[in-house]
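This report refers to the structure that appears directly beneath it.
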There are 2 protein chains.
Amino acid sequence: VSGDDEPIHDFDRATAVTLRHADDGGLAVHDVVVDPGWTIGDKPHGGYLLATVARAAAEAANAVEGPDHPHVLSATAAYVGPPALGPAEVHSEVLRRGQGMSHVRARLNQEGAAKVEATFTLGRLETDARPWWGGEAAPAIAAGANGAGGVRRSSAPGPSGMPMPIMDRVEMVIDPATAGFAAGRPAGVGELRARLRFVGDRAPDPLSLLYAVDSLPPATFDLAGTTGWVPTLSLTAYLRALPAPGPLVVRQRARLVESGTVDESCDVWDTRGRLVAQATQLAGIHTS
Amino acid sequence: VSGDDEPIHDFDRATAVTLRHADDGGLAVHDVVVDPGWTIGDKPHGGYLLATVARAAAEAANAVEGPDHPHVLSATAAYVGPPALGPAEVHSEVLRRGQGMSHVRARLNQEGAAKVEATFTLGRLETDARPWWGGEAAPAIAAGANGAGGVRRSSAPGPSGMPMPIMDRVEMVIDPATAGFAAGRPAGVGELRARLRFVGDRAPDPLSLLYAVDSLPPATFDLAGTTGWVPTLSLTAYLRALPAPGPLVVRQRARLVESGTVDESCDVWDTRGRLVAQATQLAGIHTS
């Protein structure tokens, strides 16, 4: 980083991809490093991994002739197994370059084994776009934009018993109305809400929304009788608009816990109150 | 089909897969035929295609040594482009065979081009499973279990202007409270509800739920000012329980229409009122 540049934010450093080779047919391989800082316990964060894979996929798509499609519109990820910290590869395959959108699949590989299998629809989100219909309003949350009145998540071990280095890199302030879990008093509603920003105030962009949609603790922390790690099996995210600068409001809700799995939906609003990202995930869960 | 067997239902015939070859490493190729009957206009139905790909993926996974994982637990599909009617191939790749679950990716290919790119988590849904928490109750709908009081969808062209051969194969009775679109009077709520069963009363199973989660017309038909084809870009489905025999209740809801896309969520309940499948999709849309 030269002296004239803004310092690179840790999220951009940790999600960096380096092109190793690409061919004319839309295949590309990028080197990445699974970062020790964007972790929960010793496991890399799923949203962080998705953002990393998305960077490689978008670079692969835009290396192929066609219209520029800089933004992820939709992303799906199958979490096959947690990658180890350290070097990994992302293998991308451009499936289609359309006029308005491109489709890419990409895989994070380690020692030849698939760890994250992802697909992306890429396109362009415009700064002057407006909702045509719908778009739920942001929920009122008690934590102020500066975090006042909320419960800040720290990197110390939470209910899962694991330290969370990632929480030194983001500022997540839980709405006190949904923060009972942190004191052993879950509300039983299956919903968590928070304000979220990166430490150092890097403005949100589509890439960081892929982290945001998986950023909150499992909504099942708000239910009594669930314990431990809630590993994401499959995550799907839709990015609907370019986020305005400032902290995001994130809401995570559980709907059904049955047979060792829970589905959770996530919604993300920007400071204008615009619904900028939506996601759903199916995760494994242990119940007592 | 021998004389002693139940006649094969058209859904099972149309989603049939024939193994061409498989190797020890978890790669398999199946031949399939994209059926002219499971179509809207001249385009194959997305949920039908997903069920077809899922059959191949499950066969590929269970051909590799390991526990039996007969059921799809989660599925994602990127609809890269509509396949032509007729022969196609499904290329499957088993990513992981775990104790409780397997991960498989699979692609429906035609003439070397990817048409549907899918991933699956496979496992086993148990007949005696019960919800542990949550699971929204089925909505009351005015159409009776025998279709009385509802508006049956026919294969004649609907608001999209396209004939729907698939509607000769399923019996879809729209709740009259959400059927205004069929008479040019959408309610403006962005929600459709229906009872659904296969013609001939084939009982629902996990495979047919992959059709059910994409079976309703676009929920945007309930909004004034949207027209034409609403092509699915990305669809994600979670199967949560084995469905009981009898018609399903299906609800499709739109949440945000912006910048040429709409997200829709789908929920499916069985005759016990159990939430058996959930899905979300991002689709392209034209607004006036």
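By convention in this document, chain letters (A, B, ...) are assigned in the order of the sequence lines, proteins followed by strands, and residues within each chain are numbered from 1.
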- Message: Side chains of B/Arg255 and A/Leu275, heavy atoms from C-beta outward: is any pair under 4.5 Å?
- Response: yes
- Task: Let me know if B/Arg274 has heavy atoms under 4.5 Å from chain A in its side chain, its backbone, both or neither.
- Result: side chain
- Quick one: of B/Glu136, B/Glu126, B/Arg107, who has the most non-hydrogen atom pairs under 4.5 Å with chain A? B/Arg107
- Query: Quick one: are A/Thr287 and B/Trp133 in side-chain contact, heavy atoms under 4.5 Å?
  - Reply: no
- Message: With a 4.5 angstrom heavy-atom cut-off, is it the side chain or the backbone of A/Leu282 that approaches chain B, or both, or neither?
- Response: both
- Note: vs chain A, highest number of non-hydrogen pairs under 4.5 angstrom among B/Leu73, B/Thr119, B/Leu95 is B/Leu95
- Side chain, backbone, both or neither: which part of A/Ala254 has a non-hydrogen atom closer than 4.5 Å to chain B? both
- Note on the structure: Most heavy-atom pairs under 4.5 Å with chain B, out of A/Ser234, A/Ala113, A/Ala114, belong to A/Ser234
- Heavy-atom pair with the smallest gap, counting every atom of A/His103 and B/Tyr79: NE2-O, 3.4 Å
- Message: Heavy-atom cut-off 4.5 Å, strictly under: side chain, backbone, both or neither for B/Thr280 against chain A?
- Response: both
- With rounding to the nearest 0.5 Å, note down the distance linking CG in B/Asp128 to OG in A/Ser259. 8.5 Å
- May I ask you to say whether A/Glu258 pairs ionically with B/Arg240, meaning some side-chain N is under 4.0 Å from a carboxylate O? no
- Message: If I measure from the heavy atoms of chain B, does A/Asp267 come under 4.5 Å with its side chain, its backbone, both, or neither?
- Response: side chain
- Item | Residues, nucleotides or ligands: over 12 heavy atoms within 6.0 Å of B/Arg185 CZ | no
- Query: CG of B/Asp24: more than 12 outside heavy atoms within 6.0 angstrom?
  - Reply: no
- Could you give me the CA-CA distance, side-chain angles and deciding distance for B/Thr236 and A/Gln281, then say whether side chain to side chain contact (heavy atoms under 4.5 Å, CB included) is met? CA-CA 9 Å; B/Thr236 296; A/Gln281 65 174 276; over 6 Å; no
- Query: Pick from B/Gly135, B/Ala241, B/Gly260, B/Pro131: which one has the most heavy-atom pairs with chain A under 4.5 Å?
  - Reply: B/Pro131
- Query: Which atom names give the shortest non-hydrogen contact between B/Asp263 and A/Gln278, and what distance separates them?
  - Reply: OD2-NE2, 2.8 Å
- Message: Is the shortest side-chain heavy-atom distance between B/Glu93 and A/Glu117 below 4.5 Å?
- Response: no
- Note on the structure: Honestly, the part of A/Ala224 sitting under 4.5 Å from a heavy atom of chain B is backbone
- Query: Using non-hydrogen atoms only, which part of B/Thr226 is less than 4.5 Å away from chain A: side chain, backbone, both, or neither?
  - Reply: both
- Query: Which residue out of A/Val257, A/Thr261, A/Val262 racks up the most heavy-atom pairs below 4.5 Å with chain B?
  - Reply: A/Val257
- Please state whether the side chain, the backbone, both or neither of A/Val104 comes within less than 4.5 Å of a heavy atom of chain B. neither
- Query: Side chain, backbone, both or neither: which part of A/Thr220 has an atom under 4.5 Å from a heavy atom of chain B?
  - Reply: neither
- Note on the structure: Under 4.5 Å to a heavy atom of chain B? For A/Arg130 that would be backbone
- Query: In Å and rounded to the nearest 0.5 Å, what is the CZ to CZ distance from B/Arg105 to A/Arg105?
  - Reply: 4.0 Å
- Query: Is any side-chain heavy atom of B/Trp132 closer than 4.5 Å to a side-chain heavy atom of A/Leu256?
  - Reply: no
